[in-house]
Engineer: 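The structure follows.
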Amino acid sequence: MRKPIIAGNWKMHKTRDEALQFIFSVNVKVPNKTYVETVVCPPAPILRDLVKRQGDHLRIGAQTMHEESEGAFTGEVSAALLENIGVDYTIIGHSERREHFNETDQSVNKKIHQALRYEIIPIVCVGESLEIREQNETDAYVSAQVKKALHNLSETQVKNLVIAYEPIWAIGTGKTATPEQAEETIKTIRRVITTLYSPAVGDAIRILYGGSVKPGNIDDLMAQPDIDGALVGGASLNAQDFLTLVEAAKNAS
Ligand code: 13P
């Protein structure tokens, strides 16, 4: 039985005041974390503000982190600092980071190792472009991304991380993958992990869907047997929509 997760990726949205307003309206309404994991990933400068007000059931995640422990990396944030301020999750390898900030399969792999060293749960993003989908190369492309991301990770480490399948063509476009398309690729990812590790790991790992998830499509996505939740951009900015998504995930479990 895999516990569902709804993670909100705020990207470069909200000021501190807006974030606090959001947190005060959701932190007491978030369902019990025994049934669903609810995560908000704000911009780095306000992580600590939200951790302090997360309440009993909401958890806070970063949107990225650096793979080195410390050093001359101007503007970057270490896993040690994230752990120190009480952050429990971090997104790694989001397609926007891969596209605009030179994140590669190799740096994604290093970041996962580093996050796990500090007991931060990585939410590892993979997903294909429209061009790759139209060439019918999605399975091969996404499988290769997963294998490179998980390089040299142990069975126990892999069980503890979360994968998010986010087709690039569905991000912020209003074009959601159909539940069947999302299910098919997520099933492929689970099969890859089963082959790399064991049926037990393939069965245990949580795999989310991301890309234009909204209150109107969450039920159909959650009804798919291999989809364990969602990584949500736009709809996570609105407190009511976000809570609706979390309730839907809880009810589907
Ligand atoms: P949207 O939900 O806005 O399409 O964003 C998806 C995403 O990139 C989450 O990480």
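Each ligand, and each atom within it, is numbered from 1 in the order the structure gives. On a predicted model such as this, the values are computed, not experimentally measured, just so you know.
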Engineer: So, is Lys11 polar-close to ligand 1, with some N/O to N/O distance under 3.5 Å?
Structural biologist: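 Yes: some nitrogen or oxygen of Lys11 is under 3.5 Å from one in ligand 1.
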
Engineer: Pick one of side chain, backbone, both or neither for how Leu231 approaches ligand 1, counting any non-hydrogen atom pair under 4.0 Å.
Structural biologist: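 Near ligand 1, Leu231 shows its backbone as well as its side chain.
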
Engineer: Find all atoms of ligand 1 within a distance of less than 4.0 Å from any non-hydrogen atom belonging to Ser212, and give their numbers and elements.
Structural biologist: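 Under 4.0 Å from Ser212, ligand 1 has these atoms: 1 (P), 2 (O), 4 (O).
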
Engineer: Do Tyr209 and Gln224 get their side chains close enough for a donor-acceptor pair, meaning under 3.5 Å?
Structural biologist: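 Judged by distance alone, the side chains do not pair up.
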
Engineer: Within ligand 1, which atoms have a heavy atom of Glu166 less than 4.0 Å away?
Structural biologist: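 Answer, ordered by atom number: 6 (C), 7 (C), 8 (O), 9 (C), 10 (O).
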
Engineer: When rounded to the nearest 0.5 angstrom, what distance separates CD in Gln21 from CZ in Arg16?
Structural biologist: 12.5 Å

Engineer: Heavy atoms, side chains only, cut-off 4.5 Å: are Glu183 and Pro225 in contact?
Structural biologist: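 Yes, close enough: below the 4.5 Å cut-off.
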
Engineer: Taking the inter-plane angle between the rings of Phe22 and Trp10 on a 0 to 90° scale, is it parallel (under 30°), tilted (30 to 60°) or perpendicular (over 60°)?
Structural biologist: perpendicular

Engineer: Gly234 heavy atoms, cut-off 4.0 Å: which ligand 1 atoms fall inside?
Structural biologist: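 Selected atoms, number and element: 1 (P), 2 (O), 3 (O).
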
Engineer: Are Glu68 and Glu76 close enough that some pair of their side-chain heavy atoms sits under 4.5 Å apart?
Structural biologist: no

Engineer: Check this for me: does any side-chain nitrogen of one of Asp105 and Arg98 sit under 4.0 Å from a carboxylate oxygen of the other?
Structural biologist: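 Arg98 and Asp105: salt-bridged.
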
Engineer: For Ala170, counting its heavy atoms only, list the atoms of ligand 1 lying under 4.0 Å from any of them.
Structural biologist: 4 (O)

Engineer: Given Ala235, Gly172, Gly233, which one has a non-hydrogen atom that is nearest to atom 4 (O) of ligand 1?
Structural biologist: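 Checking each option, the heavy atom nearest atom 4 (O) of ligand 1 is found in Gly172.
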
